[in-house]
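Residue numbering restarts at 1 for every chain, and letters A, B, ... go by the order of the sequence lines.
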Protein chains: 2
Amino acid sequence: MSQTVDRALSILPLLAEGPADLGQVADRLGVHKSTALRLLRTLHQHGLVYRQSDQRYRLGARLFALAQEAMDNLDIREIAHPHLVRLNEQCGHTVHLAVHEENEVLYIDKVESRYPVRMYSRIGRPVAITVAAVAKLLLADLPEPERRALAQKLDYPLYTARSTPNAAAFLRELEKARHQGWATDLGGHEESINCVAAPVRGADGRVVAAMSVSAPNVVVTADELLTLLPLVRRTADAISGEYSGRTPVEESV
Amino acid sequence: MSQTVDRALSILPLLAEGPADLGQVADRLGVHKSTALRLLRTLHQHGLVYRQSDQRYRLGARLFALAQEAMDNLDIREIAHPHLVRLNEQCGHTVHLAVHEENEVLYIDKVESRYPVRMYSRIGRPVAITVAAVAKLLLADLPEPERRALAQKLDYPLYTARSTPNAAAFLRELEKARHQGWATDLGGHEESINCVAAPVRGADGRVVAAMSVSAPNVVVTADELLTLLPLVRRTADAISGEYSGRTPVEESV
DNA sequence: ATGGTCGTTGCATACATCGCAACGTGCCTG
DNA sequence: CAGGCACGTTGCGATGTATGCAACGACCAT
């Protein structure tokens with residue numbers, strides 16, 4: 001809608017691929033160098049890009065701060081977190097919390113028992129939307145026409161032999177998740193990883209987030225993981241209750 | 001430099017404070033509603049802002065993805081990470097990695113033994129620049145005039161009685177760090193927390209990052225923590241060697 | 001019903017952005 | 001060492017674009 005801003009913002013994903021110099025930026029934007037320079041300078045002033053010692057530009061530090069603050073503003077995360085921790089203590093497996101936004105599903109929290117160190121590598125990253133259990137729950141709650149439209153637009157990469165192959169299969173998965181009130185991903189993303197997920201609902205009953213427990217085959221079989229389903233659902237319901245204000249934030253009675 | 005982009009980008013920190021509606025954004029920008037609307041729409045198209053169900057705007061998901069990718073592009077982090085983990089295994093305390101950028105110092109990695117879950121709450125956040133041990137090392141490496149100029153510009157909040165009180169004291173701290181080749185923060189940020197830090201240098205000898213080990217008084221005294229200094233310095237030197245290409249990425253012989 | 005608030009649209013004007021061309025600087029080459 | 005090349009930078013005039021206005025429509029509360 002606004003040409004100048006549009007161009008300026010297009011620089012960001014471009015720099016996300018790696019540092020670039022003025023000429024490269026100008027070329028890829030299809031504008032004159034002087035134009036690119038002015039845009040980059042403005043981005044620089046706001047800290048969104050950084051000029052490293054070799055004069056090339058890369059994404060700047062302010063992005064981190066903004067992303068942080070954006071997270072802090074997601075109150076669902078704050079409410080859910082202690083529940084996720086408790087669930088993790090009970091079952092020992094990796095616990096995820098995800099939300100849906102603009103045709104993307106992304107993890108906004110994660111508690112991992114075994115490899116705590118690698119946490120940050122996933123939070124904030126878009127999820128494999130066609131196979132992840134949490135994605136199925138979040139998208140299943142969309143109005144039917146939107147669901148169909150989205151299903152058509154998506155790609156269906158075959159991560160494994162059990163990945164959702166196409167739109168029709170995906171819509172069936174969503175329908176199933178919708179009726180069950182929970183969902184699974186059995187080796188659809190990575191061969192040896194299974195997930196069980198349950199939805200978190202707001203006061204109006206709409207799904208606002210989804211949480212899942214994931215574990216590799218070598219630790220527990222898919223069947224064993226499914227025995228955790230009641231626990232996962234109870235946890236999700238507890239979060240729902242607190243989020244929608246039904247459960248007046250009590251100190252765990 | 002570019003009015004339109006400048007205005008658009010000013011919206012981001014504004015929304016970082018919390019969701020806002022069109023009118024609020026327009027007011028705080030000092031522009032007409034229709035102008036703010038177009039800017040917000042452009043930001044929206046790029047996923048930087050999100051319109052929640054109550055029609056208010058907040059920061060969007062793309063910010064997470066961008067911040068992620070920005071991190072991935074910091075190759076110092078990738079190189080350093082295994083070293084941080086090893087150090088953490090050896091001493092058990094929290095290990096930080098920080099860089100300096102645009103008069104800010106920020107953590108870009110952290111390994112924490114006891115509370116892995118809260119990791120994300122700090123990575124990406126600016127550091128208390130006047131007291132943190134890593135900040136002293138990073139800023140000590142600046143050319144003298146820049147150092148003075150920066151020291152004057154800073155605020156010196158008294159987090160504790162041992163916080164650096166003013167520019168003069170800060171410059172003395174930097175000088176000390178410069179000569180020693182390491183630095184400490186003994187209760188300058190939080191009364192009961194001590195840190196020991198060492199610099200990571202590039203091929204040209206300039207400080208490109210700094211790492212630290214932090215521990216609360218109740219676990220180890222400041223003196224005990226200081227006994228870790230040789231280990232911390234060795235680790236930092238190992239990272240320096242690998243980063244500057246001196247140590248050809250060997251599989252730990 | 002009705003006043004008020006808020007988001008949205010079309011439009012004419014003013015102004016900010018754009019591309020151009022020229023300059024400066026550093027680097028490599030002949 | 002001179003010359004050429006590549007790159008970032010600056011000033012400027014023409015054009016296109018962003019701007020604010022005013023009017024509309026939806027929604028809520030009184």
Side-chain angles (χ1 to χ4, degrees), chain A residues 1-15 17-60 73 101-102 143 145-146 202-206 245, chain B residues 1-15 17-60 73 101-102 143 146 202-204 206 245:
Chain A
M1 295 252 106
S2 171
Q3 189 188 65
T4 317
V5 178
D6 187 54
R7 284 173 171 170
L9 298 183
S10 302
I11 293 177
L12 298 179
L14 192 155
L15 290 185
E17 297 170 18
D21 61 34
L22 179 61
Q24 294 169 336
V25 172
D27 283 350
R28 296 204 39 185
L29 277 187
V31 299
H32 196 270
K33 280 185 304 178
S34 59
T35 305
L37 180 67
R38 253 173 306 110
L39 298 177
L40 281 165
R41 277 221 263 252
T42 312
L43 289 169
H44 179 91
Q45 282 183 336
H46 287 259
L48 298 185
V49 308
Y50 176 67
R51 194 149 201 201
Q52 41 190 29
S53 45
D54 61 354
Q55 285 212 119
R56 291 189 306 168
Y57 295 91
R58 63 169 171 75
L59 295 179
N73 287 338
E101 181 174 325
E102 309 276 348
E146 276 187 53
D204 54 0
R206 295 211 47 185
Chain B
M1 294 254 110
S2 173
Q3 189 188 68
T4 317
V5 178
D6 188 55
R7 283 173 172 171
L9 297 182
S10 302
I11 294 177
L12 298 178
L14 193 155
L15 289 184
E17 299 170 17
D21 61 34
L22 180 62
Q24 294 169 336
V25 172
D27 282 351
R28 295 203 41 186
L29 278 187
V31 299
H32 195 270
K33 280 186 305 178
S34 59
T35 305
L37 179 66
R38 253 171 308 110
L39 298 177
L40 281 165
R41 276 222 263 253
T42 312
L43 290 169
H44 179 92
Q45 282 183 335
H46 287 258
L48 297 185
V49 309
Y50 176 68
R51 195 148 200 200
Q52 42 190 29
S53 46
D54 62 353
Q55 286 213 120
R56 290 189 306 168
Y57 295 90
R58 62 168 171 75
L59 295 179
N73 286 337
E101 182 174 325
E102 308 276 348
E146 275 187 55
D204 54 359
R206 295 211 47 186

query: So, is A:Arg38 close to the C:dC18 phosphate, meaning a side-chain N or O under 4.0 Å from OP1 or OP2?
result: yes
field: Whether B:Gln45 side chain and B:Thr42 backbone form a donor-acceptor pair below 3.5 Å
entry: no
- prompt: For B:Ser34, which contact category applies under a 4.0 Å heavy-atom criterion: base, sugar-phosphate, or nothing?
  reply: base
query: Got B:Arg28 and B:Ile11 here, is their nearest side-chain heavy-atom distance under 4.5 Å?
result: no
- prompt: What integer distance in Å separates A:Leu39:CG from C:dC18:C1'?
  reply: 10 Å
- line: Rounded to whole Å, the NZ-C1' distance (B:Lys33 to C:dG7) equals 7 Å
- prompt: Could you state the CG-P distance from B:Asp27 to C:dT5, rounded to the nearest angstrom?
  reply: 13 Å
message: From CG of B:Leu37 over to P of D:dG25, roughly how many Å is that when rounded to an integer?
response: 18 Å
- request: With the side chain of B:Gln55 defined as its heavy atoms from C-beta on, choose the nearest nucleotide among D:dA18, D:dG20, C:dT8.
  value: C:dT8
- request: Compare side-chain N and O positions of A:Ser2 against OP1 and OP2 of D:dA18 and report whether any pair is under 4.0 Å apart.
  value: yes
- request: Kindly say if B:Thr35 contacts the phosphate of D:dA18, meaning a side-chain N or O under 4.0 Å from OP1 or OP2.
  value: no
message: From CG of B:Asp54 over to C1' of C:dC6, roughly how many Å is that when rounded to an integer?
response: 13 Å
message: Between C1' on D:dC7 and CZ on A:Arg56, what's the gap in Å once rounded to a whole number?
response: 14 Å
field: Under 4.0 angstrom between A:Arg7 side-chain N/O and D:dA18 OP1 or OP2
entry: no
- prompt: Would you say a side-chain N or O of B:Arg51 is under 4.0 Å from OP1 or OP2 of C:dT8?
  reply: yes
- prompt: Where the side chain of B:His32 is defined as all heavy atoms beyond and including C-beta, which of C:dA21, D:dA18, D:dA22 is the nearest nucleotide?
  reply: D:dA22
task: Hey, which sits more toward the 5' end of DNA chain D by its nearest nucleotide, A:Gln3 or A:Asp21?
output: A:Asp21
query: Whole Å only: how far is the CD1 atom of B:Ile11 from the P atom of D:dA18?
result: 14 Å
statement: From the candidates D:dG20, D:dT19, D:dT9, the one with an atom nearest any side-chain atom of A:Arg41 is D:dT9
message: Do B:Arg41 and A:Ser2 make a side-chain contact, defined as non-hydrogen atoms from C-beta onward lying under 4.5 Å apart?
response: no
field: From B:His32 atom NE2 to B:Asp27 atom CG, the distance as rounded to the nearest 0.5 Å
entry: 11.0 Å
task: Between B:Ala36 and A:Tyr57, just flag the one whose closest nucleotide in DNA chain D comes earlier from the 5' side.
output: A:Tyr57
- line: In whole angstroms, the gap separating P of C:dT8 from CE of A:Met1 amounts to 12 Å
- request: Evaluate the side-chain proximity of B:Thr4 to B:Leu39: yes if any heavy-atom separation is below 4.5 Å, no if none is.
  value: yes
